[in-house]
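Quick notes on the structure that follows.
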Amino acid sequence: MTTVLLRSPAKLNLSLEVLNKRDDGYHNIRTVFERISLADEMTFRPVREGITIRCDHPQVPLGPTNLIYKAALYLQRVYGVKDGVSVHLRKNIPVAAGLAGGSSNAATTLIALNQLWKLRLSQEQLFQAAAALGSDVAFFLCDTPFALGEGRGERLTPLSIPHRFWHIVIVPRIAMPTPKVYGALNLKLTKKGDNANILLPYLLKSNIEEVRLRLFNDLEQGIVRVCPRLAAIKIRLQTLGIQGVSFSGSGPSLFGLMLSRHEAYEWHDILKRRYRQVFVVQTR
Ligand code: C5P
């Protein structure tokens with residue numbers, strides 16, 4: 001019996017502009033996604049029928065609200081699949097942290113089941129499924145470490161950035177529901193400049209010093225309104241001397257952009273005494 005084993009990586013947002021609110025309740029954004037080495041491990045096994053998820057992480061739902069379940073169910077319904085699947089998830093990416101772990105799991109499920117169930121879906125069909133499942137899912141279907149995301153974040157343009165960046169990622173144990181963060185935004189206050197295009201030339205040249213100065217996230221305004229303590233954590237990280245500190249997605253994860261692997265591990269040693277969830281990651 002075939003078993004498919006895949007890594008399901010997390011992402012960071014090096015920039016995230018919120019442009020406007022749409023009639024469907026979503027927001028148009030422009031974001032630079034970066035795929036990182038922090039990843040879950042997923043095993044897919046074909047079964048006669050049904051969708052079963054196994055995971056020993058207490059925050060991961062195992063039923064129909066899990067995006068893995070939704071992705072499998074979508075394929076069963078839209079493509080008339082009768083076969084089932086049993087999925088084992090080894091969760092390494094913190095849950096509801098702004099790192100898109102759930103979205104990545106959904107994209108990995110689409111890729112795995114396309115293979116396992118021999119669906120022969122085109123890229124277009126996979127992207128259609130991704131868009132139906134969530135705004136961040138499509139990025140993980142692109143075989144690229146960096147991409148510009150537009151629309152809800154699901155319209156993607158791969159970016160050819162040769163550099164592999166090192167980061168330190170700090171995940172405070174605070175739940176940040178994405179709709180609440182978007183809901184707390186005052187759109188009059190989001191930046192109106194074309195920030196991604198200002199950042200991109202420095203990214204392409206791998207000029208880390210300049211990139212560090214230009215990381216930004218319009219959602220920060222909503223994040224600190226929902227949880228003012230996160231503003232204090234960001235300031236504390238900056239005061240310690242970490243450069244290029246920014247929130248990923250709708251938080252609570254914060255990351256710093258490092259000059260080297262060495263610098264990342266130095267900060268890891270310092271920060272792990274203060275925060276329980278600190279990771280050194282690289283572009284992947
Ligand atoms: O697409 P996804 O399910 O990840 O989005 C979760 C929620 O985040 C949406 O229901 C919406 O409230 C908000 N959102 C948004 N604009 C986006 C992405 C997400 O308003 N571009």
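The structure presented is a predicted model; accordingly, all values stated were derived computationally and were not measured. Note that ligands are numbered from 1 as they come in the structure, with each ligand's atoms numbered from 1 the same way.
The closest protein non-hydrogen atom to atom 19 (C) of ligand 1 is Y182 CE1, 3.5 Å. The protein atom (non-hydrogen) at minimum distance from atom 7 (C) of ligand 1 is P179 CG, 3.9 Å. The nearest protein atom to atom 20 (O) of ligand 1, hydrogens excluded, is given as H27 ND1, 2.7 Å; this is a heavy-atom distance. Protein heavy atom at the shortest distance from atom 5 (O) of ligand 1 is Y26 CE2, 3.9 Å. Closest to atom 1 (O) of ligand 1, if we only count protein heavy atoms, is S135 OG, 2.5 Å.
A donor-acceptor pair shorter than 3.5 Å can be found between the side chains of D40 and N105.
Those atoms of ligand 1 that come under 4.0 Å of a heavy atom in G134, given as number and element, are 1 (O). Residue G25 has at least one heavy-atom neighbour below 4.0 Å for each of these atoms of ligand 1: 20 (O). Residue T178 approaches ligand 1 through these ligand atoms, each under 4.0 Å from one of its heavy atoms: 8 (O).
Under a 4.0 Å N-O distance rule, the pair E263/R212 qualifies as a salt bridge. Of the charged side-chain nitrogens involved, at least one lies within less than 4.0 Å of a carboxylate oxygen, so that K234 and E220 count as a salt-bridged pair.
The main-chain N or O of G98 is found under 3.5 Å from a side-chain atom of S248 such that the two form a donor-acceptor pair.
Residue-to-ligand polar distances place R152 within reach of ligand 1: an N/O pair is separated by less than 3.5 Å.
When all heavy atoms of A100 and D136 are compared, the pair lying nearest together is CB-OD2, 3.9 Å.
For D24, the CG atom counts as densely surrounded, since its 6.0 Å shell holds more than 12 non-hydrogen atoms of other residues, nucleotides or ligands.
Between H167 and F255, the ring-plane angle classifies as perpendicular under the 30° and 60° cut-offs.
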